[in-house]
Amino acid sequence: MSPVNDLLPFWPPHSDLFVLAVALLGAALFGESAARFWRLPRILGYTVAGMALGPLALGWLGPRQFADFRVFIDLAVALLLFELGIRVDLRWLRANPAILAGSLAEAGLAFGGVFGVLQWLGVATTLSLAVAAIAIASSPAIALRVSSDCRASGQVTERMLLLTALNMVYALVALHFVLGWLHSSHGRGAAAAFFHPLYRLAGSVLAAVALAFVFRRLRNAFDIADEQASALLFGLLLLVMALLQTARLPTLLAPLLAGMLVKLGDPRPHLFPRHFGSAGSLLVMLMFVFTGALADGPLLLGSAVAGCAVVLVRALAKAAAATALGPLAGLSWRQAGALGLALWPLCGVALGMTGELTRLYPDFGRQLLGILLVAILVMQLLGPVALRLALGRAGETHAERAAPPGRTSHAP
């Protein structure tokens, strides 16, 4: 090494600080441009920024950076799921059982349709089951962010949030059955096939009960919309995530169930800074940017047909079920059609569902990632537009404007 080389600046910079700065600047610029010049949801711009900075274009971001910043992405997902859970009131299902029946039908039709088309395309049975289970889920990130940006409220908005939460629960539970199937097919024995998924599900429920209990105590002791209380919530969710990871438990189900339990035990309005304040919004931006940055030409081309088939069949299944069954739950035909369209979005949260499958079975995980990335990227681009259109058709949007400083109610 030259005696002066280590004294001179190096180019291009590759530090984590540079990567983080580029990601945030790109997300802000693309997001604001989408909203200001094309009247599109800002969240769509975040994904476009990630794709522009990723292997498809500049190559500044990619899987390595996604792994480096995974803790921030996981925290963003936990915040979103907890916020979604705390916004839905399960008492609604008892008052109107047709909503639950419609939800189960919509999830079942999406699962069956995706599984059937993948089998028809010659995809392996276990891989088809895994993709179909994840395809049940709707995007909590897109649902919360777009409805908040549009200041949407009404029957379609609240039912969309409720069905999104239920779909996440269905998808996570179904994926654990797939995990058991994988254990069995790889010769790990019946005990591993049964008890490992059971351990993960039971552990998530216990963690959710504990998280809900601690949160309610914090809510009683602090003004939960206060800046310091937000720091406590960030710390609490990080601690829970760390404990879940140490115990080899999933990090997605517990925050969602905890939010539902909090709402179930305390139906009063829960007030938070918008998306847990500015820091929460930045985490959501990073999640979309780094998901977009995973787009890789060869990987996408290899799974393009299967991924696009998943998008089409899933969208048709959700739209058909919600439209057909919505009137039985008290919606007009117009509202039911809007609800079916609102359930289309799928986002990078779905990637978090694949963690244990990929860790235990890397080859299987790579095949799963290929199909899912195509579906996720298409839906991250089309989903926000479809959702805004759906809420507009339902007549539940208001003029988009910046949220005023202070508290924002997220109660139904």
Side-chain angles (χ1 to χ4, degrees), residues 9-38 40-81 83 139-142 144-146 148-149 230 234 237-238 241 251-252 273-297 299-300 345-352 354-355 369 372-374 376-384 402:
F10 55 91
W11 187 263
H14 294 291
S15 69
D16 288 344
L17 183 60
F18 176 79
V19 169
L20 186 61
V22 167
L24 289 176
L25 282 172
L29 290 173
F30 277 83
E32 191 59 31
S33 297
R36 180 170 299 185
F37 300 116
W38 294 288
L40 295 172
R42 287 184 176 86
I43 205 166
L44 186 150
Y46 305 158
T47 302
V48 173
M51 297 175 71
L53 296 171
L56 289 180
L58 296 176
W60 291 359
L61 303 179
R64 186 185 68 79
Q65 287 79 15
F66 182 91
D68 289 343
F69 290 94
R70 185 63 184 262
V71 63
F72 299 110
I73 297 168
D74 289 344
L75 178 58
V77 172
L79 288 167
L80 287 166
L81 290 174
E83 182 181 356
S139 169
I142 295 175
L144 287 169
R145 193 62 183 262
V146 173
S148 179
D149 284 347
S230 295
F234 270 71
L237 285 172
L238 276 174
M241 287 170 51
T251 58
L252 298 180
R274 189 169 180 248
H275 293 283
F276 285 88
S278 300
S281 295
L282 291 177
L283 291 175
V284 172
M285 290 170 64
L286 285 177
M287 181 185 74
F288 278 87
V289 170
F290 283 109
T291 302
L294 291 177
D296 181 82
L299 182 63
L300 296 181
L346 183 71
C347 79
V349 172
L351 292 178
T354 68
L369 178 64
L372 280 181
L373 262 182
V374 175
I376 288 170
L377 289 172
V378 171
M379 280 288 92
Q380 280 193 185
L381 294 173
L382 299 182

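Reckoned from all heavy atoms, side chains included, excluding hydrogens, waters and symmetry mates.
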*asked:* Just to verify, what does L382 make a side chain to side chain contact (heavy atoms under 4.5 Å, CB included) with, not counting sequence neighbours?
replied: V378, M379
_Show every side chain to side chain donor-acceptor pair (under 3.5 Å) that has at least one partner inside residues 51-61, sequence neighbours left out._
none
*List the steps and the verdict of side-chain contact (heavy atoms from CB on, under 4.5 Å) for L24 and V289.*
CA-CA 8 Å; L24 289 176; V289 170; over 6 Å; no
_Intermediate values then yes/no, side-chain contact (heavy atoms from CB on, under 4.5 Å), Q380 and I43_ = CA-CA 8 Å; Q380 280 193 185; I43 205 166; over 6 Å; no
*Are the side chain of S148 and the backbone of R145 linked by a donor-acceptor contact shorter than 3.5 Å?*
no
May I have the list of side-chain donor-acceptor pairs in residues 49-59 shorter than 3.5 Å, sequence neighbours left out?
none

*Nearest non-hydrogen partners of L81 and L252, listed with the distance*: CD1-O, 3.2 Å
*Should T47 and F30 be marked as a side-chain contact (heavy atoms from CB on, under 4.5 Å) after you check the CA-CA gap, both sets of side-chain angles, and the distance that decides it?*
CA-CA 9 Å; T47 302; F30 277 83; over 6 Å; no
*With sequence neighbours excluded, tell me which residues meet side chain to side chain contact (heavy atoms under 4.5 Å, CB included) with R70.*
F66, D74
*asked:* Using the rule given for side-chain contact (heavy atoms from CB on, under 4.5 Å), can you reason through L238 versus L75, listing the C-alpha separation, both sets of side-chain angles and the distance that settles it, and then say yes or no?
replied: CA-CA 7 Å; L238 276 174; L75 178 58; 4.0 Å; yes
*Tell me, which pairs form a salt bridge (Lys or Arg N to Asp or Glu O under 4.0 Å) where one or both residues lie in residues 17-35, sequence neighbours left out?*
E32-R36, E32-R42
*Set of residues satisfying side chain to side chain contact (heavy atoms under 4.5 Å, CB included) with respect to A350, sequence neighbours excluded*: I134, L346, I376
*Can you name the nearest heavy-atom pair linking P41 to A34, along with the distance?*
O-CB, 4.0 Å
*asked:* Is the shortest side-chain heavy-atom distance between Y46 and T291 below 4.5 Å?
replied: no
*Measure across A28 and M285 and return the closest heavy-atom pair with its distance rounded to 0.1 Å.*
N-CE, 3.7 Å
_Side chain proximity check, T354 to L369, heavy atoms < 4.5 angstrom_ = no
*Excluding sequence neighbours, so at least two apart, what forms ring pair (Phe, Tyr, Trp, His ring centres under 6.0 Å) with F290?*
F69
